[in-house]
Amino acid sequence: MAKRMLFSLAVVIAALLLGLVLSFAARGSAPAVPEEPSPAPQQTAEPTVPEPLPAETPVDTQPQEPEPQGGYRLQSYNGRLAIFREGSDTPEMIFDVYTRLLPQADRDRLEQGITAPDYETLTRLIEDYIS
């Protein structure tokens, strides 16, 4: 019976982590742009040389900087573990992890909020609290 409960708990935790990863991955990804099919290459006896760009075509030499991602905050919300975006008071995700069941030191830290500068740090923190 205890093995069955532990297995069920492990499945639930894995599902929550998968949902979290998919949720954040979906928010950060850009919509896919379908590619137009390219015409079939023509068979020629001579090798083709690409045409040079016209002189008036501007070339962007500045590298594109990725959009900065804000930090995260892991905090207690209505007695449960929750994720907040930096500067927001509305939780992004609430877990079925009740903070009253955690040690006092962890409860105190979660009442104040634990900041995570990036997604990888956030997932490590979550794993610590749900396992």
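Worth knowing before you read on, the calculation uses all heavy atoms, side chains too, and leaves out hydrogens, waters and symmetry mates. Residues: numbered from 1 along the sequence shown.
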Residues two or more places apart in sequence or in another chain: which of them pass side-chain hydrogen bond (donor to acceptor under 3.5 Å, both in side chains) with T121?
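With sequence neighbours excluded, T121 shows a side-chain hydrogen bond (donor to acceptor under 3.5 Å, both in side chains) to D118, given in chain and number order.
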Could you pull out all residues at least two apart from Q104 that satisfy side-chain hydrogen bond (donor to acceptor under 3.5 Å, both in side chains)?
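With neighbours one apart ignored, the set is R107, D108.
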Under a 3.5 Å distance rule, please check whether S88 uses its side chain to pair with a backbone N or O of R85 as donor and acceptor.
no
What is the distance from atom [atom1] of [X] to atom [atom2] of [Y], rounded to the nearest 0.5 Å?
{"X": "I114", "Y": "Q75", "atom1": "CD1", "atom2": "CD", "answer": "9.5 Å"}
{"X": "F84", "Y": "L122", "atom1": "CZ", "atom2": "CG", "answer": "12.0 Å"}
{"X": "I130", "Y": "L125", "atom1": "CD1", "atom2": "CG", "answer": "11.5 Å"}
{"X": "R109", "Y": "Y129", "atom1": "CZ", "atom2": "OH", "answer": "4.5 Å"}
{"X": "M93", "Y": "L81", "atom1": "CE", "atom2": "CG", "answer": "11.0 Å"}
{"X": "N78", "Y": "I94", "atom1": "CG", "atom2": "CD1", "answer": "7.0 Å"}

Which pair of heavy atoms, one from I83 and one from I126, lies closest together, and at what distance?
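Taking I83 first and I126 second, the nearest heavy atoms are CD1-CD1, 3.4 Å.
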Atom CZ of R80 with >12 non-hydrogen neighbours under 6.0 angstrom:
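Above 12, so yes.
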Kindly write out the residues that satisfy side-chain contact (heavy atoms from CB on, under 4.5 Å) with T115, not counting sequence neighbours, or none if the list is empty.
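Partners of T115 under the side-chain contact (heavy atoms from CB on, under 4.5 Å) test: none.
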